[in-house]
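See below for the structure under consideration.
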Amino acid sequence: MAKLLVLYDSQTGNTEKMAKAVAEGARSVPGVDVELKYYAGSEELAEAAAIVFGAPTYYHDITLPIKQMLEEAAKAGVQLKGKIGAAVGSYGWSGEAPQNALEILKNKFGMKAIEPPITALYEPKQTQLEECRKLGKRIAQEIVGK
Ligand SMILES: Cc1cc2nc3c(=O)[nH]c(=O)nc-3n(C[C@H](O)[C@H](O)[C@H](O)COP(=O)(O)O)c2cc1C
C-alpha cells in the first residue's frame with residue numbers, strides 16, 4: 001500500500017495541528033497508509049511514496065530534529081528522487097522553515113515539491129487547517145496505487 005509520511009516538529013502545538021490536518025485529509029482517501037510522527041529512519045523514508053514535513057520556524061530555519069533526520073537520510077543515500085514532497089509550518093514573524101525544508105527536498109533529494117508551502121501565523125486558523133486537509137487529500141490521491 002502506498003505510504004505517506006507526515007513528519008513534524010512542534011514545540012507549542014501549532015505546527016502539530018497543521019500536520020494532523022494533513023494526515024486527516026490523507027486518511028480520507030482509502031488505500032493509503034498514512035503515518036504521522038516526529039521521526040522516520042532512512043529505511044522508512046525510502047519506503048514512502050510521499051513525505052510532508054511539518055516545520056515550525058525557529059531562528060529563521062527548520063529545527064534540529066528535522067535537520068538531523070534529513071542529514072541522516074542524506075548520509076544513508078536514501079533515494080527519494082521523483083517522490084512528492086510538501087511542507088507546512090507555523091511561524092511568528094519570518095516563517096522561512098517550510099520553504100527551507102522544500103529547498104532541501106528539491107535540491108538535495110530531487111523530490112517533486114508542492115509549492116508554495118502552507119504557513120500559519122502562530123495558531124492556524126480553520127481556513128488554514130482546511131488547506132492542510134486538502135493538501136493531504138491531494139497527495140494521497142496522487143500516490144494511491146503506487
Ligand atoms: C526561541 C524562538 C525563536 C523563534 N524564531 C522565529 C523565527 O526566527 N522566525 C519566525 O517566523 N518565528 C519564530 N518563532 C515563532 C514560532 O515560529 C511560532 O511561535 C510558532 O507558532 C511555533 O510553532 P510550534 O507551536 O509548532 O512550535 C520563534 C519562537 C521562539 C520561542
Side-chain angles (χ1 to χ4, degrees), residues 1-29 32-76 78 80-144:
M1 198 190 286
K3 186 168 185 168
L4 167 62
L5 285 175
V6 184
L7 303 169
Y8 71 98
D9 185 24
S10 187
Q11 296 183 24
T12 62
N14 291 330
T15 302
E16 181 171 51
K17 287 181 184 147
M18 301 174 82
K20 282 185 171 166
V22 171
E24 197 185 309
R27 285 184 179 130
S28 72
V29 180
V32 177
D33 173 16
V34 182
E35 286 212 35
L36 171 74
K37 52 191 181 180
Y38 302 122
Y39 172 85
S42 297
E43 274 181 29
E44 210 177 346
L45 290 173
E47 283 168 7
I51 307 171
V52 182
F53 281 94
T57 301
Y58 284 86
Y59 304 106
H60 297 273
D61 207 352
I62 56 176
T63 52
L64 207 55
I66 294 176
K67 253 182 212 167
Q68 280 171 342
M69 204 163 21
L70 292 169
E71 205 167 301
E72 276 176 31
K75 278 189 188 152
V78 175
L80 300 173
K81 202 171 162 59
K83 294 181 177 184
I84 297 171
V88 302
S90 171
Y91 70 101
W93 48 92
S94 55
E96 296 92 334
Q99 188 61 45
N100 288 354
L102 284 185
E103 294 302 326
I104 297 168
L105 299 186
K106 284 191 294 184
N107 300 325
K108 169 66 194 157
F109 293 101
M111 292 181 80
K112 205 171 101 187
I114 297 182
E115 293 181 273
I118 300 174
T119 58
L121 184 62
Y122 294 107
E123 192 177 358
K125 296 184 175 59
Q126 280 310 318
T127 51
Q128 291 164 324
L129 292 176
E130 190 49 36
E131 266 188 80
C132 291
R133 280 185 210 102
K134 278 189 190 156
L135 175 70
K137 186 173 178 182
R138 169 185 162 190
I139 296 172
Q141 283 168 337
E142 279 195 45
I143 63 167
V144 73

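Values reported hereafter were calculated over all heavy atoms of this structure, with side chains retained and with hydrogens, waters and symmetry mates removed. In each ligand, atom 1 is the first atom listed, and ligand 1 is the first ligand listed. What you are looking at is a predicted structure, and each value in this text was computed from that prediction instead of being measured.
At the top of the distance list for atom 23 (O) of ligand 1, counting protein heavy atoms only, stands Pro56 CB, 3.6 Å. For atom 28 (C) of ligand 1, the nearest non-hydrogen atom of the protein is Trp93 CH2, 3.4 Å. The shortest contact between atom 1 (C) of ligand 1 and any protein heavy atom is with Tyr59 OH, 3.3 Å. With hydrogens left out, the protein atom closest to atom 8 (O) of ligand 1 is His60 N, 2.7 Å, a heavy atom. Among all non-hydrogen protein atoms, the one lying nearest atom 11 (O) of ligand 1 is Ser94 N, 2.6 Å. Shortest contact from atom 20 (C) of ligand 1 to any protein heavy atom: Ser90 OG, 3.3 Å. In terms of protein heavy-atom proximity, atom 13 (C) of ligand 1 is nearest to Thr57 O, 3.1 Å. Summary of contacts: the protein heavy atom closest to atom 19 (O) of ligand 1 is Tyr122 CE2, 3.3 Å.
No side-chain donor-acceptor contact under 3.5 Å links Lys106 to the backbone of Gly85. Judged by distance alone, with hydrogens and angles left aside, the side-chain atoms of Glu47 form no donor-acceptor pair with the main-chain N or O of Glu44 at under 3.5 Å. Formation of a donor-acceptor pair under 3.5 Å by the Thr15 side chain with backbone atoms of Gly89 is not found in this model.
Surrounding NZ of Lys137 are at most 12 heavy atoms belonging to other residues, nucleotides or ligands under 6.0 Å away. Arg27 CZ: more than 12 foreign heavy atoms inside a 6.0 Å radius. Atom NZ of Lys134 is surrounded by 12 or fewer heavy atoms from other residues, nucleotides or ligands within 6.0 Å. Heavy-atom neighbours of Tyr122 OH from other residues, nucleotides or ligands within 6.0 Å: above the threshold of 12.
Checking Gln99 against Glu103 by side-chain atom types alone, a donor-acceptor pair falls below 3.5 Å.
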Let me have the donor-acceptor pairs involving side chains of residues 16-25, under 3.5 Å, with sequence neighbours excluded, atom names and distances please.
from  : atom 1 : to     : atom 2 : distance (Å)
Glu16 : OE2    : Tyr8   : OH     : 2.6
Lys17 : NZ     : Glu123 : OE2    : 2.9
Glu24 : OE2    : Arg133 : NE     : 3.2

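Proximity to Ser10 (heavy-atom distance under 4.0 Å) selects the following atoms of ligand 1: 24 (P), 25 (O), 26 (O), 27 (O). Close approach to Gly95 involves these atoms of ligand 1, each under 4.0 Å from a residue heavy atom: 10 (C), 11 (O). Listed by number with element, the atoms of ligand 1 under 4.0 Å from a non-hydrogen atom of Thr15 are 23 (O), 24 (P), 26 (O). Residue Gly13 approaches ligand 1 through these ligand atoms, each under 4.0 Å from one of its heavy atoms: 25 (O).
Which of Tyr8, Tyr58, Tyr91 comes nearest to atom 22 (C) of ligand 1 through a heavy atom is settled by distance: it is Tyr58.
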